[in-house]
Amino acid sequence: MSDALLSVRDLSVEFTTYGRTQPVLHGVSLDVPARSHVALVGESGSGKTVTMKSIMGLLHMPPASISSGAILYDGRDLLTMPRRERLKLTGTDMSMVFQDPMSSLNPVFTIADQMSTILKYADRRLGRSRSRRERMQRVLEVLAQVRMREPERVARSYPIMLSGGMRQRVLIAMALLSEPRLLIADEPGTALDVTTQAQILKLLKDLVEERGLALLMITHNLGVVRETSDYVYVMHKGVVVEEAPTAELFAAPKVAYTRALIDAVPRLTGARPAERTEAAP
Amino acid sequence: MNARQSPLLEVVDLVKTFPIAGAFGGRAGEMTAVDHVSFSIRRGGVYGLAGESGSGKSTIARMIMGLFQPTGGDVLLSGANITGTLGTRAHSRQVQMVFQNPGSSLNPRRTIGQSIAVPLEAHGHPRADRRRRISELLDMVQLPASFADRYPHELSGGQKQRVAIARALAVAPQLVVLDEPTSALDVSVQARVIELLTSLGRQLDLTYLFISHDLSLMRNFADEVGVLYRGRIVESGPTARVFEQPEHDYTRLLIASVPVISAEEEALRPTIPLIDGEIPTAEKLLALRESQRATEVPKRT
Amino acid sequence: MSDELALPEDAPRLSSAYQSWYRFSRNPTAMIGLVIVVACVLAALLAPWITPYPDHVGAVVNFRARHLPPSADYWFGTDNVGRDIFTRVIFGFRVSLLLAVVVLGTAIPIGTVLGLTAGYFGGWVEIVIMRLTDIALAIPPLVMALAVAAVLSPDLVNSMLAIAALWWTWHTRLIYSITRQLRTREFVEAAETLGASKFHILFREILPNCVSAIAVKTSLDCGFVILVGASLSFLGLGIQPPTPDLGTMVASGSAFLPDYWWESVLPGCAILFVALGFNLLGDGLRDLYDVENVR
Amino acid sequence: KTVVTMNTVQIFGTIDPAKISDYTDYMAAVNLYDGLVNVDPAGNLVPELAESWTVSDDTREVVFKLRADARFSDGTPVTAADVVYSVERLLRINQGPANLFADVLKPGSVTAVDDHTVKFTLSKTFAPFLSTVPAIMVLNSKVVEANLGDDDGQSYLATHVAGAGAYTLTSWDRGSQMTIDRNPDYYKGFGPGPIDEVRWIITNDEATVRSLAASGELTMSSQYQSPETYKALEAMGRFKIVAEDTPTAFYLKLNSKVAPTDDIHIRKAIALATDYATIREVIVPGGELNGPLPKNFADFYASDLPAPVYDIEAAKAEIAKSKYTGQKIPIVLGYVAGTKFEEEISLLMQANLEQIGFVVTQQADPWNRITELASKVETSPAVNQIFFSPTYPSPDSMFFTQYHSKAAGTWSSMEWLQDPEVDKLIDDARATTDKAEQAALYKTLQHRLVDLQADVFLQTQTVQHAMDKCLDGFKAVPMQSFDYDFTKYSWTCQ
Amino acid sequence: MEFLRFLLRRVLWSLLVLVGLSMVIFIIARAVPGDPARMALGPTATQEQVADLQKKLGLDRPIVEQYGLFVVGLAHGDLGRSLLTERPVNDDIRDTFAATLELVLATIFIAVVCGVPLGVVAAYWKDRWPDNAVRLVAIFSAVTPSFFLALLLQILAGYVLHILPTTGRLPPNFDFAPGYTGLVLVDSIIAGRPDAFLEGLRYLLLPAISLAAATMGQMARITRSSMIDVSSQDYIEASRAFGVPEWVRVCKYMLRPSFVPPLTILGLEFASLIGNAFVVELVFAWPGMAAYGIRTILQKDLNAVMGVVMVSGVFFVLVNLVIDLLVGLVDPRVRIRGSRQ
Ligand SMILES: Nc1ncnc2c1ncn2[C@@H]1O[C@H](COP(=O)(O)OP(=O)(O)OP(=O)(O)O)[C@@H](O)[C@H]1O
Ligand SMILES: Nc1ncnc2c1ncn2[C@@H]1O[C@H](COP(=O)(O)OP(=O)(O)OP(=O)(O)O)[C@@H](O)[C@H]1O
Ligand SMILES: [Mg+2]
Ligand SMILES: [Mg+2]
């Protein structure tokens, strides 16, 4: 999988608090090829968000430190790359969708304001320039792309005027503003109710298919993983314990932890997890 | 429905309207959050209340708890109307609630022990015996007695949820209202909490009103469910029946949207038509159905 | 963020008082504040033994030694009748601290109870209490203080009363706004459903969550109370001479500016010193009480 | 153009002659208005609008002859009708100086005999009447009538001047300054080196006074500066410090109706325990005062009274004679809050009194509270520091207001003296027209008050002004602030 | 429409507060010792004269009736006549209010313009030296009594350095009087008098700084803690991921949502600001309403006291109304309620 767009190699991260150093990631490796939908699962606190933040360069470095490893993007190591170049990539070539649509939008600015600001500075980093009008046009275009029905109205709204599903779409739209090749989504839709969640997942799936995005989705909802992703990494206490194509993983989890995780999921059939495990082939 | 036992809780024709606050605090109108809802729970049963966010689930729970005064309708407990006694001490002895978010339902400035002691104090549990009772309760939810001296921020989400359960059970209520008790937890912790609730229910002969929008969980835990849509119960019945043969379109949409992890489950899900190549929203779907009442639901492939 | 901070279940736990002290003592500004406050309190208590001219608190006049600049004999110089200012400053802590303690000791309970009541019960109770508070807030403090002290006879007790008569408004406002937020928090509702009494909810559930705000406000207030007391003394409605009071010293010394600057500047620095101590201490307390906010 | 810039510590309350009451009010009024007569430093009446006057034998009728050339500042002649109008208006409004004429003049008492002759008919014999006449400022009745409004011209006269004074109002910014300019057509004319313009700057801030002096703007300071400021101004070289004894007396008023000052021995003890020299030399400058009357009233002054002495041993002896002997004697010392020297005097008194067995409570009150406390016997402090200056140039002003039982209940009579003998002496002097007899009565009265030890007679007030070396003319006058009549000043440099 | 109703409700409440205020002050004013009639007439007035004036002023009538008369006057915008200055109180207040207004506005300006950036700096470099420095400055300026600071500044700037005047509003005998708005700084610009502007500024500086320091310290502290709260919000983290430059994040994305607590505090601080203005105006001989107020209280000039307090009450209520509106402007969450979070 060396042709992967994003390739995390043996990443270790530790946090230093109160003078005590606590490792959080132990040699995590994963690959995200273009035009693929990769899921990263694991229980709460297993290190998913830390992995994502390391990739995006969002870790607050005083408490955190990357003790080893490399993050290759398009074959170049993000960690050793000059800061300026890296900044050029984040928010433009690689972008992310935040977990909580309720709190990830600035409540005091309109959607248009927030989105065009992002676009303005993304352009500036890439040495492009666009007039206000053009920027606004692009904003509306992207809002339409995420199937927002009335882009103009949404653009003029403050976040509080939008429903959770709409906000999540706005967040996705923000990530898509400067046509990224890699999209990292941290638990998208978990804060929404099922019907809305289903719509968002469908949207992401379509984006991968239509625009050839590489999508890394972080979640702990195995149902979501199974229904949308192509390939899964399972993480436990900062270690990737298992990786496999989605269908394979669900059909025959190799590691006990994965199995336990799958077993814990309540079933729509109503079978108690324990009973089901016995019934499984 | 099990007719073997008389219902413990009966909710009759419950209505709740809220004023809609306009900008700058004026009253712009009214919205009906709960619209003539009736259901009953048999003694020892688990009644699940499902529905999308904002459909009125918590509002019903809060009316049963006396945190909201119903606009109309009654709440009967063992046949006695408790609408007037809502929020009183006698009421709190019979009905208890575990709140949606374990973090915010514990006072951050009080220790776990102090929090658990609240119902004991309120109901005149002898002071000398409180300490013992607290460890007993903690033990019941499988927490070490030393947790009594900790502050909520020192506990994990699952632990906090268990403390909340212990506190709700402190006065041995008959009915426990669980408002999305696991939504903030991770699957593995969630499974443990549900297990705990099941065993405590059996042990203490509790009746649960279980509120969630996690349908898979509901399928496992409840023995009867009601599906709430915009303040109205659109469908109710024994769990298996509702899940296997959903009658209402909304129920179907809901079940169809649940992400699942196995093929059997998938087979169980009804399919729903895509509108404009998208999964429709509930309103859209119902509007569509309204216009083509007679048409059969096409199966999704 | 708090979940991850759970201690390992079997880690030996230190007593929570010790933990608090540990955290507190590692906060340098808080420690400085504590040291200052303790020093002032001790100085006030031990004044007769640690000051060079303890008799100068009374009616001692020595016109030959008037307006002497600070020197080895008179560390802070002498005042217009030749008394040692240093001695009077140390004794002045007594009155000023007493003033602060008494005023805040009456204003805080009143403000807290009113604020809790208005914030929790809402409705007419809220309207009545909060409008009264607004009215009281709109009265210039000095006018009110002047009036109260003037109706009753001017002495220390009455000037305290006067200041307390308007101080509660700030605390009412503060506690009210916090209570209103807390009222809808789930832990309050939880307590309600558990059958807890209103008293319990107000004072055991809500109040502990206001403590840090009160501590901070109180620490800030100490300096201001001392100042308002000073203004009253200046207008003749406060502490009567020859009893030394820091505020009075600043006010009366200011008549000799700039020639005899030490007569007002040094007592003023003493006020600043106490107020600073209380403030640093208050900030430290805030960090301490913010258990959620451990970083 | 010679300009005198003077600072004054209080704002001008009013310039309406029917309302002026305090020292600052009079300061403006004497320059903006002219009365029938004026007062000289010795307390004698001198002609102003009236060139002469005659008093009937029973003193019940006084006839003033107006100067024929007297003109108001708008050029119209001053007539007897204007005088009548002014008095009637004063009585109607019944504020300010009206109290001086309360029992003496009634509406209709003043009549115009002809254009230049006015007759005052008194309703009873009142010997000091003439000395109160300078307080009557004559209004230009036509101007007032034209601006009457619904309040007898009060609104108009609150901000405008309609008089015959030597100066006219140029600008007045309440709270900061007042400027008056010389009326070149003033009917009496001016002496050499007249002052063309007077600017009062209102500030009680020593620093401002100093900076005004430093920048060369200040010509004359107020009389209330601190010793340091006088020193600093003198050091600048441009100023001379003019100190002058005034007829203002400074007393420790002793309440004769409350403990312990109800005992004459205690009163005597307090007087003996007072360190006059220190007060005068260190705390606040002043002249000797041997009794209730300052020596400026030379004709009436009992010069045979000895000056009070400071003698702690004698004080102890007096206490031994009192009914309070042998115990700690609680006593209240009152003074005006915020006044530095009064606080110092109070401390000095406390130090001395505590030596001889008193337990002192200091009571500093703002002035308005003192006036309130003075209205009741029980609330008047046992000892209180009070300045009193004559409001008209007659000993009567000093005695009646302070010591007559009818005047009880004001801050000036906090002795609560109810002595029939004192009352009788005051009344007799009022009813006598014979000056020698009056003098004898007043001298007896002074002895009586000293024997009673009605007050501790601290000192007379010495006022100090820092004045430009080129400015001359300050002379204390025993009536209000008539000493700031700038027609009496002159600029001596070229 | 919504907005108008909101405004109307707020104004009605404010009126109620003002009515309450007038009652309280009325009672207080009547309770302060000293007979106003006697105070006005001077020491030598006779008992009859005092009674006469009392009657003229209506002081002999029942207090309720007196209050009624006062309210009737107030409704006509007439505060009566001052005993001290013999002028309509309206005129006195008009003359002095402008000076106070100028001082207070300058104070608020300084407090906001210095306090907020300091808070931002401290929050940005939290726990590093700029933060510690700002906290130290903030705590010192918050605890220094404005009265004392006024004295210190007078000594330092006035006597030691001789750079700024220590008392008054304009140089004595300066030939410029603010005419249009009453504010020297504004009027001098309108009148095209740069010299007057400079002088006005020189005189304004010390009093404004003394008055502003405490509020500035508060603003810096509140801004800091509010910024820190906001900085841990997800949306700030999110803007980082989108590559928005640091200064835009801090000065735009963080500052505006953090601005509500400082604004609210400013509204409350306003009450103590007016209180402190009473003292600072005295120290700097600033010809403002507060100094006038103190003088009239001591003289027991009832109408004037009522006038001063009512005007400062209206001012207080107005400022808080404006601040509420500003809060709505800064934070749409306040404007658009109805959906719960
Ligand atoms: N700022 C920090 N300081 C110290 N430890 C941290 C910090 N951030 C994260 N950690 C630690 O890193 C570990 C992994 O956290 P992370 O947020 O990646 O979990 P996660 O898998 O995203 O969980 P969730 O599903 O709850 O979001 C946790 O154990 C946490 O304690
Ligand atoms: N106190 C209140 N005032 C006004 N409206 C309210 C109030 N409480 C609830 N509502 C409204 O009532 C409706 C039902 O809310 P409720 O909290 O019962 O939903 P829910 O089903 O519990 O949703 P969720 O799954 O998100 O918890 C919502 O539209 C909500 O906005
Ligand atoms: Mg995470
Ligand atoms: Mg809910």
Would you sort out whether L194(C) and Q96(B) count as a side chain to side chain contact (heavy atoms under 4.5 Å, CB included), showing the intermediate values?
-> CA-CA 7 Å; L194(C) 290 166; Q96(B) 271 306 325; 3.2 Å; yes
Output the option from A164(B), P119(B), S105(B) having the highest count of non-hydrogen pairs under 4.5 Å with chain C.
-> S105(B)
So which of Q114(B), R167(B), M97(B) has the biggest tally of heavy-atom pairs under 4.5 Å with chain C?
-> R167(B)
Which heavy-atom pair separates F187(C) from P108(B) by the least distance, and what is that distance?
-> CE2-CD, 3.6 Å
Report yes or no: does N107(B) contribute a side-chain atom to a donor-acceptor pair with the main-chain N or O of E205(C) at less than 3.5 Å?
-> yes
Got a sec: does the CZ of R180(C) have more than 12 other heavy atoms crowding it under 6.0 Å?
-> no
Side chain, backbone, both or neither: which part of R62(B) has an atom under 4.5 Å from a heavy atom of chain C?
-> side chain
Heavy-atom pair with the smallest gap, counting every atom of F99(B) and E186(C) | CB-OE1, 3.6 Å
For atom CZ of R132(B), decide whether the heavy atoms of other residues, nucleotides or ligands shown that lie under 6.0 angstrom number more than 12.
-> yes
Are V118(B) and R204(C) close enough that some pair of their side-chain heavy atoms sits under 4.5 Å apart?
-> no
Is the side chain of E192(C) donor-acceptor paired with the backbone N or O of L67(B) at a distance under 3.5 Å, no angle test?
-> no
